[in-house]
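Working notes, structure below.
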Protein chains: 2
Amino acid sequence: MTDASSLDAGQLAAYLALKEVGSLIEHAVEQQLRADGGLSGPQFQILASLADAPRGRLRMTDLADGLVYSRSGLTYQAAQLEKAGLVTRAPAEEDERSIIVTLTPRGRELLGKVMPGHVEVVQRLLIDVLDPADLATMAGILNRVRDRMRTGPPRSAAPRRSAGARKPR
Amino acid sequence: MTDASSLDAGQLAAYLALKEVGSLIEHAVEQQLRADGGLSGPQFQILASLADAPRGRLRMTDLADGLVYSRSGLTYQAAQLEKAGLVTRAPAEEDERSIIVTLTPRGRELLGKVMPGHVEVVQRLLIDVLDPADLATMAGILNRVRDRMRTGPPRSAAPRRSAGARKPR
DNA sequence: TATTGTTATACTCTATAACTATA
DNA sequence: TATAGTTATAGAGTATAACAATA
């Protein structure tokens, strides 16, 4: 990837570093989750989302929206988690079409068992390497990127290529 | 993931932002690669690595090392790419055990066809959102993290998370 | 024996489309 | 008709272990 057709060296370096660090951390985290709790990344995300929700309950659709993937993909994962006794599924009372997924005590327990290791990995790979100021700077920058991404990718304004020179914020 | 057991809010925010931005960009890039050239992310990475190498040639092992995954995984991908006429595989002359993977003209051509779109996505999602200073700052920080990760994760400092975990599934 | 790579196999994940049922 | 979710299915990706060939 020497010639990226219009990304200068610095831009390319930023992109590649982001990509690599992201995937390395993800990899390390997934290994830990698997080893400590037999959980895959997606499964952990579902359990964590539920743990974060009011009564450990969320509708399938809300879960799917928060986590990116398709309905059917979530159905598959939810079925796995249900088989393992980590969540239950039941129709919502107000709307019989909706399914409410609920974290079971056992699910919460497993999450508690896995969390320390999870935190340890993140701490060791990311937090410990940076001083608080850098960490805050990075978070700020990345949040800006994330917000922009979520605000609908300006598909309309695609043909933009002014290599930098923009002061967002 | 409200309670992360020992990550403060800022640390957690940094981690989550990194994770989310990384996966959103990866997703967008993979979609573009698939649409513009019928390539998966891993396949593109292999082709790009080859394009970067001296004569468009690399040994299987060197490819695998550079790209993370297992030998067998690379064998699979290399076979796909060979079927598509994008690379060739031939034993090395100095060491009959080694296989040299070579980018074909057609492979290089496809790469050329896919690159503009690839760059455009990165530009739109990442570069355009940040001013040059932020970009440089982020690259610097992430490079520090990456270097540390590569310098063998101080496995010594990881008190193994025994905790009899091992059951869900 | 160690290294390079392939094969066989098995499993996870994801997506699309067709389908059911509620609203 | 529109929405929520499931099912059937199909395919891609990855890893592990056993294997063959070369060094």
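Note: hydrogens, waters and symmetry copies are ignored here, and every other heavy atom, side chains too, is used. In this text the structure is predicted, and so the values were computed from the model without any measurement. Throughout, protein chains are lettered first and strands after them, A, B, ... in sequence-line order, and every chain is numbered starting at 1.
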Inset, instruction - Let me know the distance between CE of Met60(A) and P of dT7(D), rounded to the nearest Å. - result: 10 Å
Inset, instruction - Would you indicate what Ser98(B) reaches in the nucleic acid, counting non-hydrogen atoms under 4.0 angstrom: base, sugar-phosphate, or nothing? - result: sugar-phosphate
Inset, instruction - Let me know the distance between CG of Leu74(A) and P of dT16(C), rounded to the nearest Å. - result: 15 Å
Legend entry - Gln32(A) side chain to Val114(A) backbone, donor-acceptor under 3.5 Å: yes
Inset, instruction - Could you tell me which non-hydrogen atom of Leu7(B) sits nearest to which non-hydrogen atom of Val119(A), and how far apart they are? - result: CG-CG1, 3.8 Å
Legend entry - Rounded interatomic separation in angstrom, taking CG from Asp62(B) and P from dT4(C): 9 Å
Inset, instruction - To the nearest Å, give me how far apart CZ (Arg89(A)) and C1' (dT7(D)) are. - result: 12 Å
Legend entry - Shortest non-hydrogen contact between Val121(A) and Ala28(A), atoms and distance: CG1-CB, 4.0 Å
Inset, instruction - Can you tell me the distance, in whole Å, between the NZ atom of Lys83(A) and the P atom of dC11(C)? - result: 12 Å
Legend entry - Interatomic distance, Tyr15(B) atom OH to Ile25(A) atom CD1 [nearest 0.5 angstrom]: 7.0 Å
Inset, instruction - Under the side chain to side chain contact (heavy atoms under 4.5 Å, CB included) rule, collect the residues that match up with Glu82(A), sequence neighbours excluded. - result: Val87(A), Arg89(A)
Legend entry - Which atom of Leu33(A) lies closest to which atom of Gly41(A), heavy atoms considered: CD1-CA, 4.3 Å
Pairwise N/O distances under 3.5 Å, protein to nucleotides 10-17 of chain D:
| unit_1 | atom_1 | unit_2 | atom_2 | d |
| --- | --- | --- | --- | --- |
| dG13(D) | OP1 | Ser40(B) | OG | 2.8 |
| dT14(D) | OP2 | Gln77(B) | NE2 | 3.4 |
| dA15(D) | OP2 | Ser70(B) | N | 3.3 |
| dA15(D) | OP2 | Ser70(B) | OG | 3.0 |
| dA15(D) | N7 | Ser72(B) | OG | 3.3 |
| dT16(D) | O4 | Ser72(B) | OG | 2.6 |

Inset, instruction - Report the distance from atom CD1 of Ile99(A) to atom P of dT3(D), rounded to the nearest whole Å. - result: 18 Å
Inset, instruction - Rounded off to whole Å, could you give me the CG-to-P distance for the Leu39(A) and dC13(C) pair? - result: 10 Å
Inset, instruction - Kindly say whether Ala48(B) contributes a backbone atom to a donor-acceptor pair with the side chain of Asp52(B) at under 3.5 angstrom? - result: no
Write down the protein N/O and nucleotide N/O pairs, taken from nucleotides 18-23 of chain C, whose separation is under 3.5 Å; answer none if there are no such pairs.
| unit_1 | atom_1 | unit_2 | atom_2 | d |
| --- | --- | --- | --- | --- |
| dA23(C) | OP1 | Glu96(A) | N | 3.0 |

Inset, instruction - Return yes if some donor-acceptor pair links the side-chain N/O of Gln11(A) with the main-chain N/O of Asp8(A) below 3.5 Å, else return no. - result: yes
Legend entry - Closest heavy-atom pair and its distance - Ala17(B), Leu142(A): CB-CB, 3.8 Å
Inset, instruction - Using whole Å, report how far CD of Glu82(B) lies from C1' of dT6(C). - result: 12 Å
